[in-house]
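In what follows, a structure is listed as structure tokens, so that the remarks can point back to it.
Owing to the predicted nature of the structure, the values given are computational and were not obtained by experimental measurement. We number each residue from 1, following the sequence as shown. Ligands are counted one by one from 1 in listed order, and the atoms in each one are counted from 1 as well.
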Amino acid sequence: MSENQVLIRYVIKRLSSGKSTFLNAACLTDVKVSELPFTTIDANKGVAYAKIKCVCKEFKVNDNPKNSICINGNRFVPLNLLDVAGLVPDAHKGKGLGNKFLNDLSRADVLLHIVDSTGSLDKSGNRIAPGSNDPYEDILFLEEELDYWIKDIMEREDWGKLVRTSGDKKKILEELHNRLSGLKITRQNIATALKNSNLEDKSPSEWTEEDKLYFSKVIRGISKPILVIANKIDKEISKNNIKIVEKKYKGPIIPCSALAEYYLRRLSEKKIIEYIPGDSDFKILKKEKLNQKEQNTLLKIREEILDIYKGIGVQESLNYAVFNIANLIAVYPVSDVTNLSDKDNNILPDVFLVEKGTKLIDFTREKIHSDLAEHFIHGIDARTNRRLGRDYELQHNDIIKIVTAK
Ligand SMILES: Nc1nc2c(ncn2[C@@H]2O[C@H](COP(=O)(O)OP(=O)(O)OP(=O)(O)O)[C@@H](O)[C@H]2O)c(=O)[nH]1
Ligand SMILES: [Mg+2]
């Protein structure tokens with residue numbers, strides 16, 4: 001599986017909200033899960049998948065995927081997922097596993113914030129009466145911790161250096177980039193954040209504490225977008241809680257039951273049921289292998305989750321993060337546009353996720369080989385046989401051959 005498929009690295013917070021269970025469900029890992037807070041200390045890695053309709057159906061071919069998996073016409077493209085330690089208030093000041101947790105987020109492209117939607121955990125992960133904690137507070141709490149974390153990093157180096165730029169916009173941008181590039185924040189992110197926070201024309205010598213915090217908030221929104229996952233929807237109380245949160249929170253929220261997904265995926269792995277992640281139902285294949293309790297659990301998952309939400313929420317979350325937040329598209333490179341194959345006759349072997357707007361030449365350099373980019377002549381669109389120039393903007397589901405002078 002190629003590392004460059006990676007995309008998202010993830011995240012999460014809130015003790016015992018189900019972060020590790022989510023990772024296990026999405027990646028079929030065996031990370032320790034427990035009711036006790038601080039179960040996870042060192043971040044756990046896993047490989048999850050974005051699910052797309054594979055182009056093999058459109059072309060009526062049997063594919064031989066190499067860097068991804070195809071199940072019944074669904075292509076699963078790998079993503080890196082990181083499950084991190086829970087966060088407690090004032091983490092940015094080092095409380096709990098604070099800075100460690102926060103540093104684990106540095107390389108993330110998207111944060112999945114797994115919220116306990118039963119509202120039965122307080123801010124430090126202690127069990128309280130269901131419904132006592134407002135999940136909306138959790139959302140604000142994580143955002144605020146991240147804002148302060150970014151502000152602290154920005155201020156770690158002497159602010160005087162910024163003041164001495166004497167308002168030279170280029171120098172300000174460079175100096176801020178030096179401070180923030182470790183968080184995968186680009187110059188473009190900084191330029192946009194300066195503009196959106198109305199600080200473009202204000203000299204750093206005049207930035208107030210509020211300005212610094214506001215800038216951190218804006219840049220956090222751009223560089224570490226958050227998808228809220230309302231977990232534990234298998235619990236009755238969650239349904240009402242989610243409705244309340246949806247009224248207050250304007251960002252995306254996906255209802256989810258990591259536990260139910262894990263249950264279905266494990267049974268599917270043993271071929272006792274047929275369940276494709278993200279589907280709205282499953283089929284029991286070997287009823288004789290299920291005792292009455294297991295049959296009841298399956299029935300409950302169907303009636304109380306799938307029939308209502310049309311999915312369990314794990315695959316939906318990954319797809320939303322990849323396609324709606326990270327704005328990626330899928331592109332299939334091939335060597336032969338007639339057979340849609342590589343040199344070894346593997347049909348539709350690879351699919352890569354790239355940012356919308358990516359040009360063919362950049363795709364060639366970053367995903368195929370820098371050598372081929374140097375000898376690039378043109379591309380060919382396998383659907384139309386049309387020639388494509390180096391600046392062609394790739395489209396979702398493009399199947400492309402790269403023609404080079406080599
Ligand atoms: N009912 C229900 N319970 C869940 C779900 N997901 C996780 N749990 C339970 O919640 C508890 C905590 O789960 P973990 O996955 O360990 O939570 P965590 O967020 O990784 O916790 P820390 O690592 O301690 O921060 C366990 O008892 C899980 O079985 C879910 O979707 N539904
Ligand atoms: Mg955990």
Side-chain angles (χ1 to χ4, degrees), residues 9-46 48 81-89 91 95-98 100-102 104-105 111-131 133 135 138-139 141-142 145 226-242 253-267 277 293 296-298 300-306 308-309 311-318:
R9 334 233 163 143
Y10 275 63
V11 156
I12 320 182
K13 86 144 230 198
R14 199 75 161 81
L15 296 160
S16 299
S17 60
K19 302 177 291 293
S20 299
T21 308
F22 186 94
L23 182 92
N24 285 340
C27 311
L28 287 182
T29 38
D30 247 326
V31 163
K32 188 170 180 210
V33 160
S34 110
E35 281 188 14
L36 302 171
F38 283 125
T39 300
T40 303
I41 296 193
D42 292 323
N44 301 299
K45 283 183 196 162
L81 212 60
L82 191 66
D83 160 40
V84 303
L87 185 67
V88 297
K95 285 260 171 73
L97 292 168
K100 173 177 165 35
F101 158 87
L102 290 163
D104 282 335
L105 303 187
L111 306 184
L112 303 183
H113 180 180
I114 316 271
V115 174
D116 166 36
S117 58
T118 64
S120 51
L121 298 165
D122 74 10
K123 300 239 167 333
S124 299
N126 302 310
R127 204 151 289 278
I128 48 174
N133 184 61
D138 286 0
I139 298 175
F141 158 60
L142 179 70
E145 282 297 334
I226 297 174
L227 173 60
V228 171
I229 299 175
N231 195 31
K232 309 194 185 179
I233 51 164
D234 48 286
K235 297 275 191 193
E236 195 50 39
I237 191 162
S238 300
K239 299 196 166 87
N240 196 39
N241 273 349
I242 291 174
I253 304 179
I254 301 204
C256 166
S257 171
L259 198 59
E261 177 78 358
Y262 186 67
Y263 195 75
L264 293 188
R265 289 205 60 185
R266 282 291 183 214
L267 288 178
K293 195 171 163 225
N296 291 347
T297 302
L298 283 176
K300 196 169 163 243
I301 291 177
R302 178 175 281 147
E303 289 181 350
E304 294 178 17
I305 303 177
L306 290 168
I308 298 173
Y309 297 99
I312 301 262
V314 172
Q315 189 63 59
E316 290 81 349
S317 301
L318 296 167

Given [options], which one has a non-hydrogen atom that is nearest to [atom]?
| atom | options | value |
| --- | --- | --- |
| atom 6 (N) of ligand 1 | N231, L23, I229 | N231 |
| atom 16 (O) of ligand 1 | S238, S34, S20, G18 | S34 |
| atom 13 (O) of ligand 1 | D116, N24, V31, T21 | T21 |
| atom 30 (C) of ligand 1 | L259, I114, T118 | L259 |

May I ask you to check whether over 12 heavy atoms, not counting those of K235, lie within 6.0 Å of atom NZ?
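Counting other residues, nucleotides and ligands, NZ of K235 stays at 12 neighbours or fewer.
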Determine whether [X] and [Y] make a side-chain contact, defined as any pair of heavy atoms from C-beta on separated by less than 4.5 Å.
| X | Y | answer |
| --- | --- | --- |
| L264 | L298 | yes |
| N231 | F22 | no |
| T29 | L81 | no |
| I301 | I312 | yes |
| S20 | K32 | no |

Taking N, O or S atoms only and a limit of 2.8 Å, check whether S20 reaches the Mg ion (ligand 2).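 An N, O or S atom of S20 is closer than 2.8 Å to the Mg ion (ligand 2), so yes.
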*asked:* Between ligand 1 and C256, is the shortest N or O to N or O distance under 3.5 Å?
replied: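 No, no N or O pair falls under 3.5 Å.
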Distance under 4.0 Å to a non-hydrogen atom of [X]: what atoms of ligand 1 satisfy this?
| X | value |
| --- | --- |
| K235 | 1 (N) |
| S257 | 31 (O) |
| K19 | 15 (O), 17 (O), 18 (P), 19 (O), 20 (O), 21 (O), 22 (P), 25 (O) |

Report task. Between V33 and ligand 1, find which residue part has any heavy-atom pair under 4.0 Å and reply side chain, backbone, both or neither. Result ->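 For V33, backbone and side-chain atoms both sit under 4.0 Å from ligand 1.
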- Item | Side chain, backbone, both or neither: the part of D234 lying under 4.0 Å from ligand 1 by heavy atom |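 The part of D234 near ligand 1 is the side chain, not the backbone.
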Under a 4.0 Å N-O cut-off, is there an ion pair linking D104 with K45?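 Looking at K45 together with D104, the answer is no, because their closest N to O distance does not fall below 4.0 Å.
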query = Which of these passes side chain to side chain contact (heavy atoms under 4.5 Å, CB included) with D83: N44, N24, L112, I114?
reply =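 Exactly one pass, corresponding to N44.
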